J.: 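Got a structure for you, written out below as structure tokens; questions coming shortly.
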Amino acid sequence: MTRLLSVAAVLSLALRASAGADSYQVNAICTCDQLMRWYDWNNGIWGSSWWESAMMMSALADLSATDSSYNGTYFNVYANTFTNAPKTQGHTNFLNNFYDDEGWWGIAWLNIYDLTQNPNYLNMAKTIFNDMHGGWTTPCGGGIYWEKGQPYIASIANELYIQLAAGLANRVPSQKSTYLGYATAGWDWFFSIDVVNADNFIVDGVDGNTCKSTGSTYTYNQGVILGAAAELYEATGNGTYLDLASKIADAVTTKGSQFLNPNGILMDGCDKTASCSGNGEEFKGPFVRNLRKLYRWVVSPTWRDFLETNAQSIWNNALNDTNSQCFVGDYWAGPYKTADAISNGIALDALNAALYATS
Ligand SMILES: *[C@@H]1O[C@H](CO)[C@@H](O)[C@H](O)[C@H]1NC(C)=O
Ligand SMILES: *[C@@H]1O[C@H](CO)[C@@H](O)[C@H](O)[C@H]1NC(C)=O
Ligand SMILES: *[C@@H]1O[C@H](CO)[C@@H](O)[C@H](O)[C@H]1NC(C)=O
């Protein structure tokens with residue numbers, strides 16, 4: 001796909017709400033430009049958002065991967081974050097006490113490695129995975145905890161563990177069988193415990209003392225497993241992974257699902273609570289970002305419609321484009337809610353996914 005529009009055409013198109021890949025591309029670029037205005041070059045992250053910044057890095061890489069004229073655009077951002085973020089935030093190698101935070105960064109470096117082919121990023125992903133693997137296994141027959149030393153087993157940390165292990169299997173041929181072994185063991189364990197509820201949604205986690213599943217359902221838990229399945233399928237050719245992931249993706253995207261409003265707009269976290277931290281604000285991003293990864297292997301018209309409907313609603317209902325700068329709020333159904341880096345970041349995920357599915 002080419003990007004032949006002049007700056008003036010880009011600006012005028014950005015204000016238009018016509019459907020289709022061209023407008024998703026223009027809208028994604030405008031959303032990303034605003035996201036970059038909030039990037040802190042000194043600290044290498046956005047504001048004080050740590051794990052969310054990993055996701056914004058993935059969103060930048062996804063835009064470049066979909067729009068080849070953007071390949072190269074953010075290479076200096078990746079390099080800056082790689083060096084400055086751990087240093088300024090007091091972490092070594094993107095490691096901290098939360099296995100899910102580590103996993104988000106591991107996946108981000110894989111995405112950025114795919115784009116840049118810079119081995120430093122792949123090595124960082126390996127270093128992060130090694131630390132996560134050090135947490136295997138819990139007294140519940142497998143898995144890793146959420147926070148090191150605390151007995152809660154969060155689904156999200158385990159989904160990221162599987163995705164990262166399978167992602168490394170696909171990118172490190174000399175150790176493919178080792179990483180694949182970790183990924184399949186992670187997957188088989190995850191689906192052997194009772195984390196999928198009767199509606200085909202993954203619940204938040206497992207109580208590390210009783211080994212019983214517990215907690216509510218969030219969109220990000222329905223998302224990362226889709227990316228994990230896509231990597232496992234790529235590594236094995238085994239369609240079982242795609243089938244199981246498709247059930248979960250269908251459960252979220254089918255009309256009447258608890259995550260959709262009557263018009264098919266994805267809702268979670270901030271949409272459902274009066275006040276909401278960066279955590280809830282972020283949830284929808286990983287769902288659409290990983291649906292894009294599954295769509296590579298399963299070309300579902302239902303998901304494409306869902307992605308287009310959401311990308312369009314974001315533009316019609318969640319945007320403040322004063323001065324042709326795209327501020328995108330977190331309520332994709334509207335009304336506009338004051339935007340910040342996280343809300344622009346997840347909107348970029350949605351636009352990237354719609355662009356990918358329609359290109
Ligand atoms: C992006 O650029 C890098 C470095 O020049 C190159 O290795 C890679 O293949 C390019 N990726 C895409 C998707 O064009
Ligand atoms: C495919 O993966 C599933 C889930 O891990 C496993 O049960 C099944 O045995 C695998 N099939 C093959 C042919 O390896
Ligand atoms: C839209 O953005 C402009 C510029 O940042 C701001 O002045 C205005 O108050 C915003 N509008 C709403 C409805 O928040």
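All ligand and atom numbering here is 1-based and tracks the order in the structure. In this text, all values refer to a predicted model and were calculated from it rather than measured experimentally.
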J.: Please write down residue, atom name and distance for the protein heavy atom closest to atom 6 (C) of ligand 3.
T.: Asn320 ND2, 4.2 Å
J.: Which atoms of ligand 2 have any heavy atom of Tyr241 under 4.0 Å away?
T.: 2 (O), 5 (O)
J.: For Glu231, is there an ion pair with Arg171 - N to carboxylate O distance below 4.0 angstrom?
T.: yes
J.: In this structure, is the centre-to-centre distance between the rings of Tyr161 and Tyr99 below 6.0 Å?
T.: no
J.: Should the pair Lys255-Asp305 be classified as a salt bridge under the 4.0 Å nitrogen-to-oxygen rule?
T.: no
J.: Is the shortest distance from a heavy atom of Phe191 to ligand 2 less than 4.0 Å?
T.: no
J.: What pair of heavy atoms forms the shortest contact from Gly264 to Leu260, and how long is it?
T.: O-CD2, 3.8 Å
J.: Nearest protein heavy atom to atom 13 (C) of ligand 3, by residue and atom, and its distance?
T.: Tyr336 CD2, 4.1 Å
J.: Would you say atom 9 (O) of ligand 3 makes contact with the protein, given that contact here means a non-hydrogen protein atom less than 4.0 Å away?
T.: no
J.: Can we say Asp349 and Lys284 salt-bridge, meaning some charged N sits less than 4.0 Å from an Asp/Glu carboxylate O?
T.: no
J.: Run through Trp109, Trp41, Tyr39, Trp46 and flag the one making a side chain to side chain donor-acceptor pair (under 3.5 Å) with Thr81.
T.: Tyr39
J.: Among protein heavy atoms, which lies nearest atom 14 (O) of ligand 2, and at what distance?
T.: Asn238 ND2, 3.6 Å
J.: Checking a contact table here: which protein heavy atom is nearest atom 4 (C) of ligand 2, and how many Å away?
T.: Asp188 OD1, 3.8 Å
